[in-house]
Number of protein chains: 2
Amino acid sequence: MLGEFEYLVLSTAASLGDDAYGAAIREEMEEVSDRTCSIGALYTTIDRLEKKGLLKTWMGGATAQRGGRARRMVRITPAGVREAKAFYEAVTRASRRVPWAIEAEEGRP
Amino acid sequence: MLGEFEYLVLSTAASLGDDAYGAAIREEMEEVSDRTCSIGALYTTIDRLEKKGLLKTWMGGATAQRGGRARRMVRITPAGVREAKAFYEAVTRASRRVPWAIEAEEGRP
DNA sequence: GCATTAGGTCTACTTTGTAGATCTAATAGC
DNA sequence: GCTATTAGATCTACAAAGTAGACCTAATGC
C-alpha cells in the first residue's frame, strides 16, 4: 500500500496535470497542507513512485526566465491512479463511523 | 504526522468504542479494508500509538468463554482524535481536485 | 489433566518519511 | 563576456512506520 506522503505527492501531481513538475508540486503541497515539504523528501518520493511505475517523469525544456532551468516534468500513470484511488477509498471506508469524518460530512454544503 | 496504518488502527478503535480490543480491532480492520492484517503489525502499531499518547490501553478481565483470556482494551485519546482528524483532513484536502475523489463525491447520495 | 482455543508478546527486517547540503544551467546587468 | 543571482534538481544519510510470524499464556470443555 501507499504511504501517506506518497499519496500527497501523487494526488498533487494529478491535480496539477500538465503543469506538474518538481518545484510546482512542492509549492502546491505546501499551500494545500499548510506545512513545509523539504526538497529531499519530495524528490526521494518521486523517485520511488517512478520506480514503482505509479508516476512517470521526463526532463522538459528550459523556460525563458532568469534561472529557468530544465524542469523535471511529472505525470501520474494509470497504475498510479489505481493505487491512489485504493488509498483514498481505504481511508474513506475506515472513516465511516468516526466522529471527525461524520462532522465533515454533515458540514458539507 | 501519522502513517496510514496508524490511521486505520486509530479510526477502527474509535469506531468500536467500548468494544475495542486487540483481536476485535484486527477483525474489523480486515473486514473493512478487505485485506489481512497480521497480528504483529497490529500490536506493534498499538504500542507505538500508545507511546505517542494517541491511544490508551489496559488489561480487561477474562471473558467466560472457552479460551477467553484477558483482553487488551483500547481507547483513543483526545490527542488521538486530533491527530486522526488532521490526517483525515490532509487527505481530504489533497484530494479535492482529483478524479477518483470527485467521482466518489458525485456518487454520494 | 490434557486438548483446544482466544488472545497477546517479542524479534527482526523492509519501506517510507524527512532534512539539507550541494550541484547545474539559465538570465540580468554591467 | 564576466559575475551575481536565481530556478530547479541530485545525492547522502538517518529516523520512523509497515509488516510478518513464531511463540507464549491462561481460560474452558470433556
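Throughout, a chain's letter reflects where its sequence line sits, starting with A, and its residues are numbered from 1.
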Would you please confirm or rule out a distance under 4.0 Å between OP1 or OP2 of [N] and any side-chain N or O of [X]?
| X | N | result |
| --- | --- | --- |
| B:Arg72 | C:dT9 | yes |
| A:Ser38 | C:dT18 | no |
| A:Arg71 | D:dG8 | yes |

Check the distance between [N]'s [atom2] and [X]'s [atom1] and give it to me in whole angstrom.
| X | N | atom1 | atom2 | value |
| --- | --- | --- | --- | --- |
| A:Gln65 | C:dG29 | CD | P | 14 Å |
| B:Leu49 | D:dG18 | CG | C1' | 12 Å |
| A:Leu42 | D:dC11 | CG | C1' | 14 Å |
| B:Met59 | D:dA26 | CE | C1' | 11 Å |
| A:Arg48 | C:dT14 | CZ | C1' | 11 Å |
| B:Arg66 | C:dG7 | CZ | P | 14 Å |
| A:Leu8 | C:dT18 | CG | P | 9 Å |
| A:Lys51 | D:dT10 | NZ | P | 13 Å |

Under 4.0 Å between any heavy atoms, over every strand shown, what does [X] touch: base, sugar-phosphate, or nothing? Just pick one.
| X | value |
| --- | --- |
| A:Tyr43 | base |
| B:Gly40 | base |
| B:Lys52 | sugar-phosphate |
| A:Thr44 | base |

Of all heavy-atom pairs between [X] and [Y], which one has the smallest distance, and what is that distance?
| X | Y | result |
| --- | --- | --- |
| B:Gly53 | B:Ala79 | O-CB, 3.8 Å |
| A:Glu4 | B:Ala90 | OE2-CB, 4.3 Å |
| B:Ser15 | A:Arg97 | OG-CB, 3.8 Å |

Answer yes or no: does atom CD of B:Glu27 have more than 12 heavy-atom neighbours from other residues, nucleotides or ligands under 6.0 Å?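 Open: at most 12 neighbouring heavy atoms sit under 6.0 Å from CD of B:Glu27.
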Ignoring hydrogens and geometry beyond distance, is a side-chain donor-acceptor pair present between B:Thr12 and B:Glu28 at under 3.5 Å?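 Looking only at side-chain atoms, B:Glu28 and B:Thr12 do not form any donor-acceptor pair under 3.5 Å.
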Please tell me which of the listed nucleotides, [options], lies nearest to the side chain of [X]?
| X | options | value |
| --- | --- | --- |
| A:Glu6 | C:dT16, D:dT19, C:dT18 | C:dT16 |
| A:Ile39 | C:dT16, D:dT10, D:dA20 | D:dT10 |
| B:Tyr21 | D:dT10, C:dT16, C:dG7 | C:dG7 |
| A:Arg69 | D:dG8, C:dT9, C:dA21 | D:dG8 |

If you assign each of B:Thr63 and A:Leu2 to its closest nucleotide in DNA chain C, which residue comes earlier from the 5' end?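 The residue whose closest nucleotide sits nearer the 5' end is B:Thr63.
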Taking the nucleotide of DNA chain C with the nearest heavy atom to each, does A:Met1 or B:Ala41 sit closer to the 5' end?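 Going by which nucleotide is closer to the 5' end, it is B:Ala41.
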How long is the span from the CD1 atom in A:Ile25 to the OH atom in A:Tyr43, to the nearest 0.5 Å?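 Output value for this atom pair is 8.0 Å.
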Would you mind telling me which residue lines up with the more 5' stretch of DNA chain D, A:Gly22 or B:Gly68, judged by nearest nucleotide?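 Taking each residue's closest nucleotide, the earlier one in sequence belongs to A:Gly22.
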